[in-house]
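Everything on this sheet refers to the single structure shown next.
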Amino acid sequence: MKHDSFNESAEMYLKTVSELAVNEGPVPISALAGRLGVSTVSATEMVHRLQDHGLVEHQPYKGICLTECGYRQASEVIRSHRLWERFLADDLGLAWDEVHSLACRLEHATDPKVTEALDAYLGYPATCPHGNPIPRHHSTPSEPEDCPLTELRPGDSAVITRVHPESDELLEYLADLELVTGTYVSLFEVVPFNGPLVFKERERTVYLGLEAAALVFCKPVEEA
């Protein structure tokens, strides 16, 4: 398939819908537009084009869902993206919070044969550096058995397992706080009135806002 600007935009939209979907429910166009940094009008126009191509289904006043074809295409883009993240971090030694933006550029320019070769070269890794599962052909990755940090209670200890969905700003913020995948934390306090979560990490005290904490997943230490 010729890779033109529409295809690249379509891939970004499909990938984003897949990332924002919760329990396979419809994704509001406003949420899609906000995530992509475009106007609702622009997002609506693109959704109509994707629907014409049989890639999404639009449910008025509810949002959009991927069709089977749209899901397959989204999975291929996500697979390419996460494999590139793994290669950039593991083989090239680039920083945990830098590889996401670089992989976003590479995912659209990668031939399926290159993706297959990259997967084999890396030894078929299960996750990207940020803990998210790498899709495989003809299979749906199982949902990780973890929970967001916001579900912890004071006194709970856990290990950070993944960040989802990823963004440059969030990854850079978490890296600055040294709250990367594999980090053990203990929840000390939840500040009242939507205040931050206060964590103890070794000898440090770390404050993390609710919005960011909802995108950072973990497992209790006894389950890790």
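- The side-chain hydrogen bond (donor to acceptor under 3.5 Å, both in side chains) check on E76 picks up H137, with sequence neighbours excluded.
- For residues 78-100, the pairs satisfying ring-ring contact (aromatic ring centres under 6.0 Å, His included) are H81-H100, W84-F87, W96-H130, with sequence neighbours left out.
- Residue pairs meeting the ring-ring contact (aromatic ring centres under 6.0 Å, His included) criterion with at least one member in residues 197-217, sequence neighbours excluded, do not occur.
- A search for salt bridge (charged side-chain N to carboxylate O under 4.0 Å, His left out) contacts involving E45 returns nothing, not counting sequence neighbours.
- Atom CD of E211 has 12 or fewer neighbouring heavy atoms from other residues, nucleotides or ligands inside a 6.0 Å radius.
- In terms of the ring-ring contact (aromatic ring centres under 6.0 Å, His included) criterion, residue partners of H53 (sequence neighbours excluded) are, by chain and number, F6.
- Of the possible donor and acceptor atoms, one in the side chain of T183 sits under 3.5 Å from a partner among the backbone N and O of V180.
- Residues passing the side-chain hydrogen bond (donor to acceptor under 3.5 Å, both in side chains) test with S42, sequence neighbours excluded: S39.
- Under the side-chain hydrogen bond (donor to acceptor under 3.5 Å, both in side chains) criterion, T127 pairs with no residue at all, not counting sequence neighbours.
- Listed by chain and number, the residues in a side chain to side chain contact (heavy atoms under 4.5 Å, CB included) with A213 are L149, T150, L197, L208 (sequence neighbours excluded).
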Test salt bridge (charged side-chain N to carboxylate O under 4.0 Å, His left out) applied to E178 and R202, step by step: CA-CA 11 Å; E178 298 181 26; R202 295 183 298 236; 3.5 Å; yes

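- Every residue two or more places apart in sequence or in another chain that forms a side-chain hydrogen bond (donor to acceptor under 3.5 Å, both in side chains) with K200 is listed here: T205.
- For R86, the salt bridge (charged side-chain N to carboxylate O under 4.0 Å, His left out) partners are D90, not counting sequence neighbours.
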Derivation and outcome, salt bridge (charged side-chain N to carboxylate O under 4.0 Å, His left out), residues R82 and E85: CA-CA 5 Å; R82 292 176 181 172; E85 285 186 322; 5.4 Å; no

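- For the side chain to side chain donor-acceptor pair (under 3.5 Å) condition, no pair includes a residue of residues 168-177, sequence neighbours left out.
- The stretch residues 151-162 participates, sequence neighbours left out, in these side chain to side chain donor-acceptor pair (under 3.5 Å) pairs: D146-T161, D146-R162, S157-S186.
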